[in-house]
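Quick note: numbers below take in every heavy atom, side chains included, and nothing from hydrogens, waters or symmetry partners.
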Amino acid sequence: MDNSTPKNPKLLIVDDQPHNLGILFDFLTRSGFKIFVALDGESAIQRTEVTQPDLIILDVMMPGIDGFETCKRLKQNPSTQDIPIIFMTALSDTVDKVQGFKLGAVDYITKPIHQEEVLSRIQTHIKLYHLQNQLQTKTEELAHLNQNLEEIVQARTQQLIEQEKTALIGRLTQGIVHNLRNRIQLIISYKCLATGEMTEEAVSPETTFAYMEKMAEAAWDMSQILDNLMHKSKMDHSLQLTSLNINDILKKELDFWQANLQLKHKVKKKYVLDEHIPLISLVYTDISQILDNLISNALDAMWDKEEQMLTIITRQDEDNLYIDVQDTGCGIAPEDLSKVFDPFYTTKPLKGEEKQRNQPTGTGLGIYTCMQILKGFGGDINVTSELNKGSIFTVRIPKQNNG
C-alpha cells in the first residue's frame with residue numbers, strides 16, 4: 001500500500017459458494033483488506049450502498065440475478081457507479097468477457113484463483129480508483145479556486161478602474177483650479193484698473209465700463225466652468241442604464257475639458273459627429289470615463305509637439321456605434337501595439353520619473369480601464385498607430401438594447 005490507497009481498503013466479495021468466499025476472505029484479510037461478503041446479487045447491491053467498498057469482486061454465475069445484471073444495476077446507481085468491479089468466473093469465453101467490460105467492469109479473474117495475481121490486480125485497481133478520486137477532488141478544488149480568483153480579479157479590476165477615474169479627475173481638477181485662479185486674478189486686476197489703484201490716475205466712465213465688462217466675462221467663464229463641473233459630478237454618480245446619445249455625452253465632456261489649458265489654447269480640434277446616431281442604453285459614467293481617458297491620452301501624446309490636432313469622429317454601421325479619437329502625437333512602436341491593453345503597461349514615465357518639466361506621467365491603467373468597461377456591454381477598443389505620426393483609438397459599442 002502507498003499514499004494513493006487508503007489504509008485497510010474495503011473489499012466486497014460476491015459469490016454463492018461459501019468455499020470460494022472462505023479462501024478469498026482468509027487470504028485477503030491477511031493481505032490487509034477489510035472484507036465484506038454477499039451470497040447473491042440482490043444482497044450485493046444492498047451491501048454496496050451501505051459499505052461503499054473500494055472494490056468489488058463479483059462472481060458471474062449466481063442464482064437469482066447473475067453477475068452481469070448485478071454489475072449493470074450497480075453502474076446505474078450514482079452512489080455506486082464509480083466503484084471498480086472485477087469479475088470472477090470459470091468462463092473463458094471472450095464474448096462473456098467483452099460483455100462484462102461493456103457493462104463497466106475493470107478486470108477479470110478466472111477460477112481457480114491464483115492468489116498473487118488476484119492481489120496484484122486488486123491493488124492496481126484500488127490504486128487507480130483512488131487516484132481518480134484524488135484527481136476529481138483536485139479538479140473540483142481547482143475549479144473552486146479559479147472561481148474565487150475570477151471574483152478577486154473582477155473586484156480588483158473594478159478597484160483599478162475607480163482608481164484611474166479618481167486620478168484622471170484629479171488631473172482635470174488641477175486644470176480647473178488653475179483656470180478659476182486665473183479668472184479671479186483677472187477680476188482683481190480689472191477692479192484695480194477700474195478704480196485707478198494701479199495707475200493712480202482718474203479713469204473715464206467709458207474705460208471703467210470696459211473693465212467692468214472684462215470682469216463680467218471672467219465671472220461668466222467661472223460660472224461655466226463650475227456648471228460643467230457640477231454636471232459631470234452629477235452624471236458620474238449615476239450608475240443607472242439610461243437611453244443616451246453618444247454625441248450629447250461627447251459634447252458635455254468636451255465642454256468640461258475646456259478647463260484644460262492645452263486643449264483650449266494649443267490644440268486644433270476637429271469634431272465630426274454623425275447626426276443620425278441612435279439612442280442606446282448606457283451608463284453615463286461608463287462612456288464619460290472612456291472618453292476622458294482617450295482624450296487625456298491624446299493630449300499627453302501631443303504635449304511636446306508643435307502641431308497638435310485632436311480629431312473625434314462618431315459613426316455607425318448596421319450593428320455598432322463607433323467613436324474614433326485621433327491625435328498627432330508620438331505614436332506607438334509596432335512592437336508595443338500588442339501591449340497597449342495590458343494593465344500597468346504605459347509608454348509614459350511613472351510619477352516622479354519624468355525627464356522633462358511638465359512631462360505627462362502614466363499608470364498604465366487608462367486604456368486597460370476602457371477595455372474592461374467596454375467588455376461589460378459587449379464592446380471593444382482597437383488602435384492603429386504610426387510612430388511619430390499619431391494614433392487612432394476606435395471604440396465599438398453594440399447597438400443592442402436601443403433606447
| message | Does any part of the side chain of K75, heavy atoms only, come nearer than 4.5 Å to the side chain of I85, both counted from C-beta? | response | yes
| query | What class does the angle between the rings of F101 and Y108 fall in, given that below 30° is parallel, 30 to 60° is tilted and above 60° is perpendicular? | reply | perpendicular
| query | Just wondering, are more than 12 heavy atoms of other shown residues or ligands nearer than 6.0 Å to CD in E306? | reply | no
| query | Looking at side-chain heavy atoms only, is the closest gap between I397 and I280 below 4.5 Å? | reply | yes
Considering only distance and modelled atom types, tabulate donor-acceptor pairs under 3.5 Å from the side chains of residues 381-390, sequence neighbours left out.
{"residue": "S385", "atom": "OG", "partner": "I332", "partner atom": "N", "Å": "2.8"}
{"residue": "S385", "atom": "OG", "partner": "G390", "partner atom": "O", "Å": "3.2"}
{"residue": "S385", "atom": "OG", "partner": "S391", "partner atom": "OG", "Å": "2.7"}

| remark: So SG of C71 and CG of L103: to nearest 0.5 Å the spacing works out to 5.0 Å
| Residues which pass salt bridge (charged side-chain N to carboxylate O under 4.0 Å, His left out) with R47, listed by chain and number, not counting sequence neighbours | none
| said: Measuring from atom CG of L135 to atom OG1 of T139, what distance do you get when rounded to the nearest 0.5 angstrom? | reply: 4.0 Å
| request: Answer yes or no: is there an ion pair linking K399 with D319, defined by an N-O contact shorter than 4.0 Å? | output: no
| query | Salt-bridged, R315 to D324, with N to O below 4.0 Å? | reply | yes
| query | Salt bridge between R121 and D107, side-chain N to carboxylate O under 4.0 Å? | reply | yes
| Could K252 and D255 be called an ion pair, given the rule that one side-chain N must be under 4.0 Å from one carboxylate O? | no
